[in-house]
Amino acid sequence: MIITISGMPGSGKSTVARRLSEQLTYKRYYMGAVRRKAARKLGMTLEEFNKKGETDASTDLFVEEYIQKLARSRDNFIIESRTAWAFIPQSLKIFIYVDPREGARRILSSLKNPRSARARNEGTQLRTYEEVLKSVQDRIQSDDRRYQKYYNLRVGDKKNYDLYLDATNISAEEEYKIVEKFVQAHIPHSTKTP
């Protein structure tokens, strides 16, 4: 089984994907890291890379090609990506929503850790809540523009997912338990974990 996890910035989707990967012993693929690495190679932040993508489809197409290749060659994995649900239609599709204000608060908290800040590669001027919130809002708008333009996709549309979870007002532990229970209910019986 392939599990695709999408969601809003700061929704906790990476934590959920990581924990599910450990629980199920499924390999995890994180497309955000792939995009951040590509941005770094060009000397850009993720925000700059996304902006470039609004006029240069190559910034998205290489990721989508990678997703499709994975789907053709592997099984039993988790992929964290804003668009993988569309390119792997047979997957179990999960979307984790968080209000952008709460997402910005969570991201700001993670940016206080230097290691986390380097990994996120969000931008150099994100020091206050207001700056992070604006970055989150800009990122959502940029993603929506690109995915609509290149693939005619509406990433946040509830009808695209098997589970659409609003994690704005729940703890990270509650969020994980809801997703884990849902996934366990959909895993073929022979591969369920205790």
Side-chain angles (χ1 to χ4, degrees), residues 3-22 28-54 59-60 63 78-85 93-148 153-158 160-161 163-180:
I3 302 167
T4 53
I5 300 180
S6 184
M8 304 286 284
S11 64
K13 61 190 176 299
S14 294
T15 301
V16 167
R18 195 167 27 253
R19 287 185 67 184
L20 269 180
S21 172
E22 292 167 4
R28 172 182 169 244
Y29 296 93
Y30 175 40
M31 296 303 97
V34 172
R35 289 184 56 76
R36 285 173 169 91
K37 183 177 179 182
R40 267 190 220 95
K41 281 186 178 179
L42 295 174
M44 299 176 145
T45 64
L46 181 62
E47 181 179 13
E48 293 165 337
F49 192 66
N50 286 344
K51 191 70 175 165
K52 175 181 172 61
E54 291 178 24
T59 66
D60 286 295
V63 175
I78 297 168
I79 186 164
E80 186 186 336
S81 158
R82 300 261 295 153
T83 58
W85 58 271
K93 302 166 199 67
I94 298 169
F95 187 93
I96 304 175
Y97 174 83
V98 69
D99 181 278
R101 292 166 298 208
E102 174 62 14
R105 187 192 64 74
R106 295 175 185 181
I107 290 169
L108 181 61
S109 177
S110 75
L111 289 174
K112 291 178 181 176
N113 175 326
R115 182 174 173 216
S116 177
R118 277 192 308 277
R120 291 192 72 91
N121 191 29
E122 297 285 340
T124 57
Q125 301 302 318
L126 301 181
R127 294 184 187 94
T128 68
Y129 169 79
E130 291 76 16
E131 291 167 342
V132 174
L133 178 59
K134 181 177 181 332
S135 175
V136 165
Q137 291 168 331
D138 290 348
R139 181 172 163 197
I140 292 167
Q141 290 171 359
S142 178
D143 286 352
D144 288 347
R145 277 192 295 271
R146 293 187 340 268
Y147 302 144
Q148 179 66 36
L153 297 179
R154 298 205 182 277
V155 173
D157 190 336
K158 292 180 182 183
N160 296 324
Y161 304 96
L163 173 66
Y164 186 99
L165 174 63
D166 184 342
T168 303
N169 296 310
I170 61 175
S171 70
E173 187 60 28
E174 290 172 301
E175 179 179 341
Y176 175 72
K177 285 182 177 179
I178 292 167
V179 174
E180 196 266 342

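- Asp143 pairs with exactly one of Arg146, Gln141, Arg145 by the side-chain hydrogen bond (donor to acceptor under 3.5 Å, both in side chains) rule, that one being Arg146.
- Within the 4.5 Å cutoff, the side chain of Arg40 has heavy atoms near those of the Arg36 side chain.
- A pairwise comparison of heavy atoms in Tyr147 and Asp60 identifies CE2-OD1, 3.5 Å as the closest pair.
- Across all non-hydrogen atoms, the minimal contact from Ala84 to Ile79 is CB-CG2, 3.8 Å.
- Pairing each heavy atom of Arg106 with each of Gly12, the nearest pair is NH1-N, 4.3 Å.
- Listed for the Ser81 side chain is no donor-acceptor partner under 3.5 Å among the backbone atoms of Met31.
- Surrounding CG of Asn169 are at most 12 heavy atoms belonging to other residues, nucleotides or ligands under 6.0 Å away.
- For Arg28, the side chain to side chain contact (heavy atoms under 4.5 Å, CB included) partners two or more places apart in sequence, or in a different chain, are Ser14, Ala17, Arg18, Ser21, Tyr30, Glu80.
- Here Tyr164 contributes atom OH and Ser6 contributes atom OG; the two are 9.5 Å apart, rounded to the nearest 0.5 Å.
- Between Met8 and Val136 the shortest side-chain heavy-atom distance does not fall below 4.5 Å.
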Exercise. Please walk me through it: do Leu20 and Ile5 pass side chain to side chain contact (heavy atoms under 4.5 Å, CB included)?
Worked result: CA-CA 11 Å; Leu20 269 180; Ile5 300 180; 4.0 Å; yes
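- Here the straight-line distance linking atom CG of Leu165 with atom CG of Leu163 works out to 5.5 Å at 0.5 Å rounding.
- Between the CG atom in Leu108 and the OG1 atom in Thr128 there is a gap of 7.5 Å [rounded to 0.5 Å].
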For this session: Starting from the C-alpha separation in whole Å, work towards a yes-or-no answer on salt bridge (Lys or Arg N to Asp or Glu O under 4.0 Å) for Arg105 and Glu102.
Result: CA-CA 5 Å; Arg105 187 192 64 74; Glu102 174 62 14; 2.5 Å; yes
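- Atom CG of Leu153 sits about 7.5 Å away from atom CG of Asn160, to the nearest 0.5 Å.
- Checked by atom type and distance alone, the side chain of Glu48 pairs as donor or acceptor with a backbone atom of Thr45 at under 3.5 Å.
- The backbone N or O of Gly7 sits less than 3.5 Å from a side-chain atom of Arg82, completing a donor-acceptor pair.
- Scanning all heavy atoms of the two residues, the minimum distance from Val16 to Tyr176 falls at O-CE1, 4.0 Å.
- With sequence neighbours excluded, no residue satisfies salt bridge (charged side-chain N to carboxylate O under 4.0 Å, His left out) with Glu175.
- For the residue pair Thr15/Arg19, the side-chain donor-acceptor check at 3.5 Å is not satisfied.
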For this session: Start with the C-alpha distance between Ser142 and Lys51, add both sets of side-chain angles, then the distance that settles side chain to side chain contact (heavy atoms under 4.5 Å, CB included), and finish with yes or no.
Result: CA-CA 7 Å; Ser142 178; Lys51 191 70 175 165; 5.5 Å; no
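- Nearest heavy atoms, Leu42 versus Phe49: CD1-CE1, 3.7 Å.
- Here Arg154 pairs with nothing under the salt bridge (charged side-chain N to carboxylate O under 4.0 Å, His left out) rule; sequence neighbours left out.
- The two residues Ser11 and Ala167 have their closest heavy-atom pair at O-CB, 4.2 Å.
- One finds the CD1 atom of Ile140 at 7.5 Å from the CG atom of Asp144 (value rounded to the nearest 0.5 Å).
- Summarising the geometry, atom CG belonging to Leu111 is positioned 10.5 Å from atom CD belonging to Glu131; distances are rounded to the nearest 0.5 Å.
- Not a single donor-acceptor pair under 3.5 Å links the side chain of Lys13 to the backbone N or O of Phe95.
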